[in-house]
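To start, the structure under review is shown below, and the notes come after it.
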Amino acid sequence: FFGTVYRNYMGIMFMGTSVLIAGSKILTSLLLADSYYSSWKYVPVLAIAMIFSAFSAFMGSVYFLEKRSIRSFVTASVGALTNIILNFALIPTFGAMGAAVATALSYMVAFTIRAIDSHKYLKFDLCIPRLVINTALMIAQTVLMLLDLADPVFRILIQLAIVAIFAVYNGRE
């Protein structure tokens, strides 16, 4: 049951986030004041952070079920410490994008630790190949979005194609 919920959750999260990334420029222009328009470029990276935050929270529920709340605290602390270290390393060079990347990477670290550790208590298929393929595709989508190709029609077509790939790849779940 837990594995089925995880697979479905993962598919929904990746598909929804792909749509969010693809529409980040349009949504930012519609929902925010003109002075905030440039914030669209942080949305894809922070969307990836959000996915891994959600996956980390999902794995944290295993600790709750097994009454191992100290494990939840320790893994969250490792993620927070990772974020602090990466912020010090990345912000001086990359500014706000460094902070966004640090956040995404720290949630990936926290999720990875929780996935490995919680597997001791509740064994289910983590769908690692699917997770890796989805993550790689999402990173590629983010990079393509951030490249901000000159031809907006081409950019939109690429983003729509990637959203379709996510839908086909994850829609079965």
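Being a predicted model, the structure only gives us computed values, none of them experimental.
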Greater than 12 external heavy atoms within 6.0 Å of Leu81's CG: yes
side-chain contact (heavy atoms from CB on, under 4.5 Å) involving Met50 - partner list, sequence neighbours excluded: Met13, Thr17
Separation of Ile85 CD1 from Leu90 CG (nearest 0.5 Å): 11.5 Å
Contacts of Asn87 that satisfy side-chain contact (heavy atoms from CB on, under 4.5 Å) - sequence neighbours left out: Asn83, Ile91, Ala99, Ala102
side-chain contact (heavy atoms from CB on, under 4.5 Å) against Thr112, all qualifying residues, sequence neighbours excluded: Ile116
Heavy-atom pair with the smallest gap, counting every atom of Ala76 and Arg114: CB-NH2, 3.7 Å
Arg71 NZ/CZ over Tyr121 ring centroid, <6.0 Å and within 45° of normal: no
Atom pair CE/CG of Met145 and Leu147 - distance to nearest 0.5 Å: 11.0 Å
Distance-minimising heavy-atom pair for Gln159 and Ala22: OE1-CA, 3.6 Å
Heavy atoms from other residues, nucleotides or ligands near OH of Tyr107 exceed 12 (cutoff 6.0 Å): no
Pairing residues for Tyr42 by the ring-ring contact (aromatic ring centres under 6.0 Å, His included) criterion, not counting sequence neighbours: none
Cluster overlap Ile158 with Val45, hydrophobic side-chain contacts below 4.5 Å: yes
Over 12 non-hydrogen atoms of neighbours within 6.0 angstrom of CZ in Phe73: no
Pairwise side-chain contact, Thr4 with Tyr9, heavy-atom cut-off 4.5 Å (strictly under): no
Lys67 atom NZ, over 12 foreign heavy atoms within 6.0 Å: no
Phe88: hydrophobic cluster co-members (side-chain, 4.5 Å): Ile84
Ile51 side, atom CD1; Met108 side, atom CE - distance, nearest 0.5 Å: 8.5 Å
Contact summary for Ala104 and Ala49, nearest pair of heavy atoms: CA-CB, 3.6 Å
Residue that, paired with Val43, satisfies side-chain contact (heavy atoms from CB on, under 4.5 Å) out of Thr142, Leu20, Ile21: Leu20
Cluster companions of Val153 among Ile, Leu, Val, Met, Phe, Trp, Tyr (side-chain spacing under 4.5 Å): Leu157
Side chain to side chain, Met59 and Leu126, heavy atoms closer than 4.5 Å: yes
Hphob cluster co-occupancy, Leu144 + Ile48, side-chain heavy atoms under 4.5 angstrom: yes
Hphob cluster co-occupancy, Ile128 + Val62, side-chain heavy atoms under 4.5 angstrom: yes
Cluster overlap Leu46 with Leu146, hydrophobic side-chain contacts below 4.5 Å: yes
Fellow cluster residues of Val78, listed by chain then number, with links counted only when side-chain atoms sit under 4.5 Å apart: Val109, Ile113
Heavy-atom closest contact (Met138 atom, Phe14 atom, distance): CE-O, 3.5 Å
side-chain contact (heavy atoms from CB on, under 4.5 Å) partners for Leu137, two or more places apart: Ile162, Ile165, Phe166
Non-neighbouring partners of Asn134 that pass side chain to side chain donor-acceptor pair (under 3.5 Å), sequence neighbours left out: Asn170
Cluster overlap Leu32 with Tyr37, hydrophobic side-chain contacts below 4.5 Å: no
Check: Ser61 side chain, Phe58 main-chain N or O, donor-acceptor pair, under 3.5 Å: yes
Atom pair OH/OG of Tyr63 and Ser118 - distance to nearest 0.5 Å: 5.5 Å
Minimum-distance pair of heavy atoms, taken over all atoms of Met15 and Ala167: SD-CA, 3.6 Å
Qualifying side-chain hydrogen bond (donor to acceptor under 3.5 Å, both in side chains) pairs, either residue in residues 96-106, two or more places apart: none
Salt bridge (Lys or Arg N to Asp or Glu O under 4.0 Å) involving Lys25 - partner list, sequence neighbours excluded: Asp148
Set of residues satisfying side chain to side chain donor-acceptor pair (under 3.5 Å) with respect to Ser18, sequence neighbours excluded: Gln141
For Tyr6 against Asp125, the heavy-atom pair lying closest together: CD2-O, 3.7 Å
